[in-house]
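These notes concern the structure reproduced below.
Naming convention: chains lettered A, B, ... in sequence-line order (proteins, then strands); numbering from 1 in each chain. Predicted, not measured: the structure shown is a model, and the values here were computed from it.
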Amino acid sequence: MSEEKYIPKSKLAQWLDTRLPLLTLSHHLTSYPTPKNLNYWWTFGGILTFCLITQIITGLVLAMHYVAHVDHAFESIEHIMRNVNYGWLIRYIHANGASMFFLAVYIHIFRSLFYGSYKSPREVIWIIGLLIYILMMATAFMGYVLPWGQMSFWGATVITNLFSAIPIIGESVTTWLWGGYSVDNPTLNRFYSLHYLFPFLIFGLVVLHIWALHVPGNNNPIGIEVKKNSNETIPFHPYMVMKDLIALLAFIIIFLWFVFFAPNVLGHPDNYIEANPLVTPAHIVPEWYLLPFYAILRAIPSKLGGVIFMFAAIFVLMFLPWLDKSKVRSATFRPIYKKLFWILLFTVLMLGYLGAKPPEGIYLFLSRLGTAYYFIHFLILLPLIGRYEKTDPLPQSISDPVLEKPGIIDKFKKAAAQYEGENVGSFK
Amino acid sequence: MSKEIKPKRREFLFTATYTVGAVGVASAIWPLVHQMNPDSSVKALSTTEVDISSVEPGKTITVLWRGKPIFIRRRTKKEIDEAASVDLKDLKDPEKDSDRAKNPEWLVMVGVCTHLGCVPLGDKGEYKAWFCPCHGSHYDTSGRVRKGPAPKNLEIPKYEFVDSNTIKIG
C-alpha cells in the first residue's frame, strides 16, 4: 500500500530503512492488496516462482558433477545417476522440474487468456511474461542437449538448423552457433554456459514481471477494476500466501509423483543412447512442451515458411493486447469469446498431439487445419468479435456476484450471529 | 556571438564522443562475437582421404568429415540411368546428374538433409534412394530432392579422386 507511508517500529530498523528501504519493500510485498475473489487459477505465479528456484538450486548442484565435453557428458550423467549421493533424485527433480515448469506456465498463460489479464493496463506484464516464456524455451532446449544422448544431439541439430532457413546469412549464422560445421564439442560447451546463465536472466525478468504487476495490481475472475484499500481487497499476507501454499502443496504432490513413480515418462528413451552423428533416430520428437510449435513447423510445406510460421505463432501473442479490442476482460461476460477460448485450447492441445505423430496423411492435414485456425483465432476472430460481440452486463463490484446469490445474506447473518460478541470482524 | 557558437560546439563534441564511444564498444564486442565462430583446430580438420576399393556396386559407405556424414555410393547401372533420365522440369532444385557425379559410378555427397539437418536413410523412400525420417523429404538416386520440405538437393562436397581407389574430401 504505497498510499500510506510505512515507518518501521524500532530505531535500528528506521536507521536501516532510511538508508536502504528493504523493510518498506517487505512491508509493501506483505500488505499488497489483492482482490478477494482470486480463485486457484491465480496461484500459479507462486508455483512458477517455486519451479524457477527449484531448477536453479538443483541445476547448481548438478553442475558440480556434470562434465561439458562430448567424450564425457553422457558418462557424467550416468555418473550422477549411479554414483553421486542422491544424484538420481536431484537429476530427476531437475528433468521433471522442467516439465512441471512448463505445465504451470501454460496454465498461467491460459488463465491470462481466459480472464483477459493481458489487457490494459497490464500489457507490459503480459509482454515481459512472454519474454520469460521464450527464455524458458531456450533454456529448456539447451538443457536437453547437455546429456548428449541421441535426442539431445538431433534435437540440437534440427533446432539450430532452423536458422539456416534465413536467406543469405543463414549458413553463417548456424556455423557461428555451432562453432564448427556441425553440432559438436564447441556447441555443447556454449550451450552449457548459456544454460547456466539464462535462469538468472529469467529471474531478473520475473522481478520486472512482479514489479509491473504491483503497479496496477491483480486482475481478477470478474475482470473489473477493484477499489484498492476497500473491502474488495485483502492483504497478500497471510491470505494469498496461504492460498498459494495450499495450491503449491497439491502441485508438489503431482511433481513428486512424476519424480518417484514415472521419472522418464515425459522423456524419450532414445536419449539414453549416446549421441551418434551418423545415425538419426527414426522419430525425432522434441520435449512435449514444444510439440505444438513443432507441429506448426512441419505443417508448412516450405523450410523458410515453416520457420516463419513457428516463430510467428509465439510473436503474435505479443500483439494480443491490441488484437483483442474488447473492453471486457473476463470471458465470463463474453459468450462468444468464451467458446473461442475453448476451441483455441483444444486446437493447441491437438497440435501438441500431432507434433508427436509422423507428418503424413491425416496427421499432416489436421496439423495444417490447426495451424490455420491458430492464426485465424488471433488475427481475424479476436479483432472482429472485439468489435461485434454483445457482452453480458458487468457487475458494479466484485462482491455482487456473490451477494446476489439468493439467501446468501441470510446465511452470512446467521453465521455472524453465532459469533456475536466475539471479535471476528464484520462483513460489508 | 559566443552564446550562439557554444551550443553548436557542445553538440559537435557530444556527437563526436558518442561516435568514438560507439566504435569503441563495437570493436570490444566483436571478439566476443567472433570467438563463437569455428576455431583454428576445427578448421584444420578440413580434409579427409577415403579408401573406396572395398565398396561393391549398390553399396554406400559413410565417413565423417567436419563432423558431418559423407555418403559415398557406388551406384548400379540402373540407378545411374534413372538419375540421368529425369526431366529437369520435374525437379525442385534442377541439377543434372552429370554435374553432381563427376564419375557417374561414384556419388559423393554430404549426408545431411537440407531441411533441418537429419541424416537421410539409404535405400528408402519413393525413389528407392534416400529418405529423411525427420520431416519426410525424399531424394532420388542422384541425391536430388523430389518430395517433402527440403529446399535443396543433398550438398556435394569438394572432392577429388587421388587415384582410382582413393577419394580426398575437402
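- A pairwise comparison of heavy atoms in A/Thr280 and B/Cys134 identifies CG2-SG, 3.6 Å as the closest pair.
- Looking at A/Leu304, there are no atoms closer than 4.5 Å to chain B (heavy atoms on both sides), in backbone or side chain.
- A distance of 11.0 Å separates CG in B/Leu116 from OG1 in A/Thr174, rounded to the nearest 0.5 Å.
- Neither the backbone nor the side chain of A/Phe163 comes within contact range of chain B; no heavy atom of the residue lies under 4.5 Å from a heavy atom of that chain.
- Among all heavy-atom pairs drawn from A/Tyr181 and B/Lys68, the shortest one is O-CE, 2.6 Å.
- Most heavy-atom pairs under 4.5 Å with chain B, from the set A/Ile159, A/Thr175, A/Asp184: that is A/Thr175.
- Closest approach of A/Gly179 to B/Val42, counting heavy atoms only: O-CG2, 4.0 Å.
- Between the side chain of A/Lys303 and the backbone N or O of B/Pro149 there is no donor-acceptor pair closer than 3.5 Å.
- At least one side-chain heavy atom of B/His135 sits less than 4.5 Å from a side-chain heavy atom of A/Val158.
- With a 4.5 Å cut-off on side-chain heavy atoms, B/Val119 and A/Leu278 do not count as touching.
- Closest of all the heavy-atom pairs between A/Asn161 and B/Gly117 is ND2-CA, 3.3 Å.
- In terms of modelled atom types and a separation under 3.5 Å, the side chain of A/Arg190 and the main chain of B/Met36 share a donor-acceptor contact.
- Using a 4.5 Å cut-off between heavy atoms, A/Trp154 touches chain B through its side chain atoms alone.
- For chain B, the nearby part of A/Ile284 is the side chain; its heavy atoms alone come within less than 4.5 Å.
- The residue among A/Ala282, A/Ala165, A/Ser164 with the most heavy atom pairs within less than 4.5 Å of chain B is A/Ala282.
- The contact between B/Val33 and chain A is made by backbone and side chain atoms together, counting heavy-atom distances below 4.5 Å.
- With a 4.5 angstrom heavy-atom cutoff, A/Pro358 does not touch chain B via any of its atoms.
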